Amino acid sequence: MTPFEKRVVELVRRIPPGKVTTYGLIARAAGLPRGARMVGWILNRRKFSPDLPAHRVVNRHGLLTGKMHFETPTLMAQLLRNEGVPVRDDRIPDLDRYLWIPPQTDE
DNA sequence: GGAGTGACACGGA
DNA sequence: GTCCGTGCCACTC
């Protein structure tokens, strides 16, 4: 459990329902501006824990790239819709509208 | 030690 | 909006 992983988990847990954020933003907020891939890697290891709403994390295009890593390929989009986030064709049309900017934890 | 890979981002066409 | 090439950090052969 590296400090970076902790920050990523903390940030993801802080994402309010009905909102989503991107790997790049989380990576940057966690202190690794170029570590977007690491975020996905960490979430993949942590899988989908109740304390880790990974379904609220999408890529910069609003595409649900991580859906394949959930219990079912449709679970991710299902959870988002359940929180009020419209999902069309495995992506969020109005991403900018539901985007949540994570706070800097790199103090 | 080196090469390949991944839930990505960015710039250019 | 899309596709392609490059850079990024950490992990696994």
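When reading the values below, keep in mind they use all heavy atoms of this one structure, side chains included, and skip hydrogens, waters and symmetry mates. Computed from a predicted model, the values in this text were never measured in an experiment. By convention in this document, chain letters (A, B, ...) are assigned in the order of the sequence lines, proteins followed by strands, and residues within each chain are numbered from 1.
Using a 4.0 Å heavy-atom distance criterion, A:A27 is classed as making no nucleic acid contact. Residue-level contact check: A:N59 touches the backbone only, with heavy atoms under 4.0 Å from sugar-phosphate atoms and none from bases. Nucleic acid contact for A:R46: none, since no nucleic acid atom lies under 4.0 Å from a heavy atom of the residue.
The closest side-chain heavy-atom distance from A:Y23 to A:T65 is below 4.5 Å. Taking 4.5 Å as the limit, some side-chain heavy atom of A:K67 sits within range of a side-chain heavy atom of A:P73. The shortest side-chain heavy-atom distance between A:L63 and A:V58 does not fall under the 4.5 Å cut-off. Within the 4.5 Å cutoff, no side-chain heavy atoms of A:V57 are placed close to those of A:T22.
Considering CD of A:E10 and CG of A:D51, their distance stands at 10.0 Å, rounded to 0.5 Å. Of the inter-residue distances, the one linking A:W41 atom CH2 with A:R46 atom CZ reads 8.0 Å to the nearest 0.5 angstrom.
In this structure, A:N59 contributes its side chain and A:G62 its backbone to a donor-acceptor pair below 3.5 Å.
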Pairs under 3.5 angstrom only: tabulate donor-acceptor contacts from the side chains of residues 80-89 of chain A to other protein residues two or more places apart or in another chain.
residue	atom	partner	partner atom	Å
A:R81	NE	A:V87	O	3.4
A:R81	NH2	A:V87	O	3.4
A:E83	OE1	A:G18	N	3.4
A:E83	OE1	A:R56	NE	2.9
A:E83	OE2	A:H55	NE2	3.1
A:E83	OE2	A:R56	NE	3.3
A:E83	OE2	A:R56	NH2	2.7
A:D89	OD2	A:R91	NH2	3.3

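Boundaries of the chain A contact region on DNA chain B are B:dG6 to B:dC10, first to last in 5' to 3' order (nucleotide atom under 4.0 Å from a heavy atom).
Nearer the 5' end of DNA chain B, as judged by each residue's closest nucleotide, is the contact made by A:H55, out of A:H55 and A:R60.
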Which atoms of nucleotides 4-13 of chain C (N or O only) lie under 3.5 Å from a protein N or O atom, and what are those distances?
residue	atom	partner	partner atom	Å
C:dC8	N3	A:R37	NH1	3.4

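Separating the CG atom of A:L63 from the P atom of C:dC3 is a distance of 10 Å, rounded to the nearest angstrom.
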